[in-house]
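Here the structure is a predicted model, which means the values were calculated and not measured. Values below: all heavy atoms of this structure, side chains included; hydrogens, waters and symmetry mates excluded. Just follow the structure's listing: the first ligand is 1, and inside any ligand the first atom is 1.
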Amino acid sequence: MRVARWGLAPRLLAAIVVVVLAGAVTAWAVATAIGPAVFHLHIERSGTSDPGVVRHTEEAFATASAYSLGLALAAALATSVLVSVFVTRRIGHSLTTVREAAAQVAGGDYTARVPTVGMGAEFDDLARSFNTMAADLGHIEQTRTRMLGDLAHEMRTPVAALDGYLEGIQDGVVPVDEEVLAMLRDQVARLSRLAQDISLVTTAEEGRLTMHRQPVQVGALIDAAVAQAAARYAARRINLRAAVPERVRTTAVYADLDRLGQVLTNLLDNALRYTAPGGHVVVSATRDEAAVRIEVADDGDGIEAEHLAHVFERFYRADTARDRAHGGSGIGLAVTRSIVRAHGGEVTAASPGKGQGATFTVELPAADPA
Ligand SMILES: Nc1ncnc2c1ncn2[C@@H]1O[C@H](COP(=O)(O)OP(=O)(O)OP(=O)(O)O)[C@@H](O)[C@H]1O
Ligand SMILES: [Mg+2]
């Protein structure tokens with residue numbers, strides 16, 4: 001069934017006509033019920049006794065009243081038509097700009113904006129909301145495009161390496177020995193880590209990260225992460241040490257042990273990767289009433305101010321050429337931030353500058369607020 005669609009102009013006109021008619025009926029009722037009586041009273045008081053004069057005067061009053069009412073009604077109706085046409089045009093024009101902009105956005109052009117047309121606060125609000133929405137969509141689209149590009153880029157290197165080795169093996173120029181197999185496994189591991197990390201960040205951003213939270217003691221958490229990293233640090237002759245006061249060691253956070261372990265591992269991996277042999281890395285922790293702060297501080301490469309704000313973005317590397325040689329994908333800190341935020345906490349980076357070390361701070365709500 002087709003629903004009849006009334007345009008704005010006929011609706012507005014109908015509304016105004018109803019108002020005008022109500023006014024006219026009221027005016028007519030008052031004029032006929034009260035007007036003649038008042039007029040008659042005044043004629044009587046004036047002392048005129050000639051019935052002919054009285055009749056003529058009263059007729060003149062009735063005619064004049066009828067003409068005035070009729071003319072007023074006609075003028076009001078004409079004005080209603082003009083006003084509704086004018087207002088409809090203005091509103092219609094404003095709506096057209098919104099409709100066109102919406103069509104542009106639907107077509108993938110996120111630069112479309114609605115101008116504020118001076119049609120009152122409601123329209124300006126609509127225009128502003130629309131523009132904010134278009135800008136946000138544009139930003140999301142930009143991020144999505146960049147992320148897909150980065151992802152393809154990150155996959156290319158290990159895939160090309162695998163392809164090269166397999167071709168060499170097939171042609172008999174590369175031997176299938178322990179070393180080559182380890183190399184192949186390395187590349188596969190890199191791809192699978194990439195897939196896992198991307199999936200974790202995406203899941204966390206959608207708020208769907210499954211977590212098995214339980215009270216975890218800060219001391220135990222840090223000890224486990226430090227113990228796990230110790231061999232790798234020793235191999236690069238970098239000094240790793242935990243400095244956690246006893247009061248903080250026994251403080252609990254309500255956390256997913258594995259995921260929070262991954263946070264510390266990521267930070268320790270970075271500190272290791274971006275610190276030269278002979279350097280120092282210290283893991284410390286403090287607490288106040290509401291929060292526990294775990295710090296991983298190194299005296300390594302440091303991060304320039306312009307990069308600090310971006311290091312948590314997916315695929316962001318401060319020094320692309322050098323960091324790729326290090327083998328990083330630039331996703332570790334994005335994963336770290338996703339996990340920390342899923343715990344209701346926040347992670348921040350600080351560095352006095354290039355070559356002056358970096359400190360990463362993970363702040364988590366304390367499980368037993370003091
Ligand atoms: N401790 C640090 N010192 C100096 N720079 C750092 C440190 N930690 C991170 N960065 C900078 O931040 C960037 C992003 O770090 P992130 O952990 O996300 O990526 P990655 O370590 O390069 O790769 P991935 O962790 O995915 O293997 C790094 O490329 C590096 O430039
Ligand atoms: Mg990293």
Side-chain angles (χ1 to χ4, degrees), residues 143 146-147 149-158 161 186-205 222 225-226 228-229 232-233 236 238-242 259-284 293-342 346-362:
T143 314
R146 204 192 56 207
M147 211 190 100
D150 287 342
L151 185 58
H153 192 98
E154 284 313 317
M155 288 173 64
R156 215 168 287 141
T157 318
D186 246 19
Q187 301 303 331
V188 171
R190 190 166 165 185
L191 277 174
S192 104
R193 207 202 107 192
L194 191 64
Q196 270 170 17
D197 286 352
I198 289 284
S199 146
L200 190 146
V201 172
T202 315
T203 315
E205 274 174 10
I222 293 177
V226 167
Q228 202 197 38
R232 277 172 296 142
Y233 271 75
R236 284 200 65 217
I238 294 173
N239 190 299
L240 172 64
R241 147 179 98 82
R259 297 209 191 279
L260 211 51
Q262 189 181 355
V263 164
L264 291 186
T265 303
N266 283 0
L267 293 180
L268 286 174
D269 276 355
N270 280 353
L272 175 68
R273 183 180 281 169
Y274 302 108
T275 302
H280 301 80
V281 175
V282 180
V283 186
S284 59
R293 273 177 213 88
I294 302 175
E295 255 182 37
V296 177
D298 65 59
D299 57 1
D301 298 351
I303 304 168
E304 279 166 283
E306 55 175 306
H307 299 300
L308 262 184
H310 301 287
V311 290
F312 294 101
E313 289 169 14
R314 284 171 291 201
F315 299 115
Y316 191 90
R317 275 170 296 218
D319 181 345
T320 324
R322 185 204 62 182
D323 294 339
R324 184 154 296 136
H326 278 310
S329 301
I331 188 130
L333 285 178
V335 169
T336 301
R337 184 169 69 176
S338 294
I339 296 176
V340 173
R341 286 190 174 168
E346 190 54 276
V347 53
T348 49
S351 171
K354 209 175 170 69
Q356 301 183 62
T359 301
F360 285 80
T361 308
V362 175

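Of the candidates I339, T336, L333, N266 forms a side chain to side chain contact (heavy atoms under 4.5 Å, CB included) with just one, namely T336. Between R293 and the choices V362, T348, T361, the side chain to side chain contact (heavy atoms under 4.5 Å, CB included) rule is met once, by T361.
Using a 4.0 Å heavy-atom cutoff, H307 is absent from the residues neighbouring ligand 1. Between G300 and ligand 1 there is no heavy-atom distance shorter than 4.0 Å. Using a 4.0 Å heavy-atom cutoff, F360 is listed among the residues neighbouring ligand 1.
Contacts with ligand 1 closer than 4.0 Å are made by no heavy atom of N266, backbone or side chain. Using a 4.0 Å cut-off between heavy atoms, I303 contacts ligand 1 through its side chain alone, with no backbone atom that close.
The atoms of ligand 1 that sit less than 4.0 Å from any heavy atom of R193 are 24 (P), 25 (O), 26 (O), 27 (O). Residue contact check: Y316 has heavy atoms under 4.0 Å from atoms 13 (C), 14 (C) of ligand 1. Counting atoms of ligand 1 from 1 in the listed order, those under 4.0 Å from a heavy atom of A318 are 29 (O), 31 (O).
Here's the thing with S329: one of its N/O atoms is less than 3.5 angstrom from an N/O atom of ligand 1. Among the atoms of D301, none of the N or O lies under 3.5 angstrom from an N or O of ligand 1.
The residue among V335, D269, L333, T336 with a heavy atom at the shortest distance from atom 16 (P) of ligand 1 is L333.
With a 4.5 Å cut-off on side-chain heavy atoms, E346 and R337 count as touching. Under the 4.5 Å side-chain criterion, counting only non-hydrogen atoms from C-beta, L200 is in contact with R259.
A donor atom on one side chain and an acceptor atom on the other are not found under 3.5 Å apart for H280 and N239.
Within the 3.5 Å criterion, the main-chain N or O of A358 finds a donor-acceptor partner in the side chain of D298. Within the 3.5 Å criterion, the main-chain N or O of V226 finds no donor-acceptor partner in the side chain of Y233.
Using a cut-off of 2.8 Å, one finds that N270 contributes an N/O/S atom close to the Mg ion (ligand 2).
Note on ring orientation: taking the six-membered ring where Trp is involved, the planes of Y316 and H307 are tilted (angle from 30° to 60°).
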